[in-house]
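Below: one structure, written as structure tokens.
Scope of the values below: all heavy atoms of this structure, side chains included, with no hydrogens, waters or symmetry mates. Lettering follows sequence order; numbering is per chain, from 1.
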Protein chains: 2
Amino acid sequence: MATPTKNILLDEQLCFALYTASKRFNHFYAEALAPFKLTYPQYITLLALWENNPMTVRELGSHVNLDSGTLTPLLKRMQTQGWVERKRDENDERQVNISLSQKALDAKPEIFAHVNTCMDLLGMDEKTYAATRDTVNFASERIKNAKPKKIDYDGPQF
Amino acid sequence: MATPTKNILLDEQLCFALYTASKRFNHFYAEALAPFKLTYPQYITLLALWENNPMTVRELGSHVNLDSGTLTPLLKRMQTQGWVERKRDENDERQVNISLSQKALDAKPEIFAHVNTCMDLLGMDEKTYAATRDTVNFASERIKNAKPKKIDYDGPQF
DNA sequence: TTCTAGTATATTGTACGCAATTAATTAGAT
DNA sequence: ATCTAATTAATTGCGTACAATATACTAGAA
């Protein structure tokens, strides 16, 4: 007898809630950042660099969770727009140092002003905001290194 | 005097928590779905269709929150892999009806079995899982139709 | 020094996501 | 019936994501 499998409903899935929420936040930030011609991944790249400038591509990637396949073209676009500089490390030419331009340093308060409307619009007090974030991060940490179980499966391979 | 702007730290941002969590869940499902050669967006498309088959591209899009720019090529790939059929509606030729193939109907229990390991790995009981999802959906609804405030800004336009 | 393993970034290829536009079709008003 | 506005998909263009590979460089062992 086949093992009964619990039904999976789209709107009950945590993964789908996160997927949808992430896209909606992305959309919101895209509007807030439009005056600066910045995308959301470019914005978090700036956030990381404002906290720690300069960084190698690798260090930057470990902060924003993106690899060189994403960062290299992204950073080239940001360089074209004048947000960052890219320079080979003189001591170790494998590394590329990413540093903020003067424009990026100057624009920080303006960008923060545009983006800080986010929490207001959420209509959450700081406690609720922090609790929501921590809840998400809890699930995020749990799934981080999880590997799906190997299922015995002798049927047709789709 | 310039208005002081609160600092924004990457790891304290809800948007970044959601962005990271969404990517990690996506990665987890990618592994679980690899035996079926399905991506995560393709999987949620199947979830939607298993609940309501057939649907037009538009109806499907309203369930999974994707537009034709994403769905048209995605559905063509799924058709090539034998998961769905695409047929112009005979009564209204503007519409394209998407229906599940026999393969998709047959594979449902196997795919559910592979994916249902997710909640186990999260180490959450059903209550915690539901509460997490509801918390995410609460923030998601709040940001859904939010538009960033227009900020007075006479400085250089970046 | 020379070989080898390791490290850092870049490149390639595939698949989203979505804004904006186009094309085809339908429905509604006159 | 005909013209117009609305609706539905498809297309185009740009920017991620990321696995897999390639390339360049470094460091450590023999």
Strictly below 4.0 Å: does [X] bring a side-chain N or O up to OP1 or OP2 of [N]?
X: B:Ser68; N: D:dA9; answer: no
X: A:Arg94; N: C:dT9; answer: no
X: B:Arg86; N: D:dA10; answer: yes
X: B:Gln95; N: C:dT26; answer: no
X: B:His27; N: D:dA17; answer: no
X: B:Lys76; N: D:dT11; answer: yes
X: A:Arg77; N: D:dT16; answer: yes
X: B:Thr56; N: D:dT8; answer: no

Salt bridge flag under 4.0 Å for residues A:Glu126 and A:Arg133: no

Straight-line distance of A:Arg24 CZ to B:Cys15 SG, nearest 0.5 Å: 16.0 Å

Minimum-distance nucleotide to B:Pro41 side chain [options: C:dT25, C:dT9, C:dG17]: C:dG17

Of the listed nucleotides D:dA17, C:dA10, D:dG15, the one nearest the side chain of A:Gln42: D:dG15

